[in-house]
Amino acid sequence: MSSLPSVAPHPLARYGWDDGWAERFAPYAAQGLLPGRVVRVDRGRCDLVTATGTVHADTEFVVPRDPMQVVCTGDWAGVDPHGDPRYVRTLLPRRTAFVRSTSSKRSEGQILAANVDHAIVAVSLAVELDLGRIERFLALAWESGAQPLVVLTKADLVADAAGLSYLVRDVETAAPGVPVVPVSAVTGDGLDVLAAVVSGGTSVLLGQSGAGKSTLANALLGEDVMEVQAARDVDGKGRHTTTTRNLLVLPGGGVLIDTPGLRGVGLFDAESGVEQVFSEIADLAGECRFHDCAHEREPGCAVLAAVDSGELPERRLESYRKLMRENQWIVAKTDARLRAEIRRDWKRKGAEGRAAMEAKRGRWA
Ligand code: GDP
Ligand code: ZN
């Protein structure tokens, strides 16, 4: 028997609060701010769970021009407990973040979820495997900073065990360093493995529509959890609310974030994520004769040699090139925006500088 005094867990511990967050938050706690985790964001307002219940707060604050400083689900934030209007006063630096490349005109990123530990990529075994698509999701997952896990769903639809292990191995070749787990919501197979992974930290479910994400979420959540949680929510004024949350505590431990935006995410500046998905290509590239080898037709290219010898499937190299090209295009778009901003800044500074100089020389008017 332990003789250690028992310490009641922090009320936010089940939402992921730990010593690291407490340390980061200490200066704000000293200012009288209350820590909370953002469970929902909607048009300039957000819901946070705090030690004393759910509070609603305005999200307008800090650096409004920086899209990365926009409050998002999963953030740890500080609110003024007595403020009226109450608003988010600070965001703790994110450990990880999912960023999407916004469509067409605006190339800056949009934060989809923050402080995610596990990115669960759901892949249906009911349709033919698309390894390229899996690689795309994995690049995004690695780029966020979260640890990916591939879940092969609907395993009950694969007739024999040998066939299933063949499919698992196939996916493993496209996912170095990533566990691949077959599951079935029908038989329950593999769900315990998934539950064990997600019990430690915050998870998101990624994957194509129809991959089985909602089914997995329901299996993890148990059926009536959503309603129970909604009924328990109390806003700052003591009213019960029934708003839906995008961040839920799992009965077996851990937190699940499910936002509409996470469905069908694209790549954003995911170069290091792409490198990680194709780590065996990066390893081979280290042996190319030229350190800036593009693996196109350079002499002494270890990557092309590996394709020739059959060690590296050509499909992998093509998928790598495709993701790198797409990624570079997105980066170039972002850079164009940055360049325009820098140019504006210079023009403004230049005008101020000229005005100051002319004032000095007394050449006004
Ligand atoms: P989502 O779009 O990714 O959220 O996918 P859903 O969870 O809605 O699932 C899509 C379809 O696959 C639904 O018809 C589910 O009933 C079915 N499905 C999900 N999981 C399983 C499974 O383990 N086995 C089988 N046979 N069907 C499943
Ligand atoms: Zn090369």
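- Contact detail for Ala113 and Val116: the closest heavy-atom pair is CB-CG2, 4.0 Å.
- At a threshold of 4.5 Å between non-hydrogen side-chain atoms, the residues Glu298 and Arg289 do not count as touching.
- Using cut-offs of 30° and 60° for the angle between ring planes, the Trp17 and Phe25 rings count as perpendicular.
- Separating the OH atom in Tyr87 from the OG1 atom in Thr59 is a distance of 12.5 Å, to the nearest 0.5 Å.
- Leu92 is not listed as a side-chain neighbour of Asp75, based on a closest heavy-atom distance of 4.5 Å or more.
- In this structure, a donor-acceptor pair under 3.5 Å is absent between the side chains of Ser319 and Arg136.
- Summarising the geometry, atom CG belonging to Leu152 is positioned 4.5 Å from atom CG belonging to Leu125; distances are rounded to the nearest 0.5 Å.
- Taken from OG in Ser124 to CG in Leu157, the straight-line distance is 7.0 Å, to the nearest 0.5 Å.
- The shortest non-hydrogen separation linking Ala77 to Leu48 is CB-CD2, 3.7 Å.
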After noting the C-alpha distance and the side-chain angles of Trp21 and Leu12, does the key distance pass the side chain to side chain contact (heavy atoms under 4.5 Å, CB included) rule? CA-CA 11 Å; Trp21 292 122; Leu12 289 175; over 6 Å; no
With salt bridge (Lys or Arg N to Asp or Glu O under 4.0 Å) as the test, would you mind laying out the steps for Glu135 and Arg315 before giving the verdict? CA-CA 11 Å; Glu135 284 156 345; Arg315 188 204 65 77; 3.0 Å; yes
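- Look at Arg95 and Asp18 and you find a salt bridge, because one of the NZ, NE, NH1 or NH2 atoms lies within 4.0 Å of a carboxylate O, short of that distance.
- The residue from Leu247, Ile120, Thr73, Ile257 that alone fulfils the side-chain contact (heavy atoms from CB on, under 4.5 Å) condition with Val204 is Ile257.
- Once rounded to the nearest 0.5 Å, the distance linking OG of Ser203 with CG of Asp258 reads 12.0 Å.
- Distance check: Tyr28 OH to Thr90 OG1 gives 3.5 Å after rounding to the nearest 0.5 Å.
- Using a 4.5 Å heavy-atom threshold, the side chains of Leu191 and Thr187 count as separate.
- A donor-acceptor pair shorter than 3.5 Å can be found between the side chains of Thr202 and Arg37.
- Contact detail for Cys46 and Val71: the closest heavy-atom pair is SG-CG1, 4.2 Å.
- The two atoms that bring His118 and Val197 nearest to each other are NE2-O, 3.3 Å, heavy atoms only.
- Contact record, Ala211 with Lys154: O-CE, 4.0 Å, taken as the closest heavy-atom pair.
- Annotation: side chain of Val151 is in contact with side chain of Leu149 (closest heavy-atom distance under 4.5 Å).
- A distance of 9.5 Å separates CG of Leu284 from CG of Leu317, quoted to the nearest 0.5 Å.
- Between Leu131 and Val171 there is a side-chain heavy-atom pair separated by less than 4.5 Å.
- At distances below 3.5 Å, at least one donor-acceptor pair connects side-chain atoms of Arg321 with backbone N or O atoms of His295.
- Between Phe278 and Tyr320, the ring-plane angle classifies as perpendicular under the 30° and 60° cut-offs.
- Between Val277 and Trp142, some side-chain heavy-atom pair lies under the 4.5 Å cut-off.
- Shown here for Thr96 and Ala146, the closest heavy-atom pair between the two residues is CG2-N, 4.0 Å.
- Between Arg45 and Arg40 the shortest side-chain heavy-atom distance does not fall below 4.5 Å.
- By the 4.5 Å heavy-atom criterion applied to side chains, Leu248 and Val255 are not counted as neighbours.
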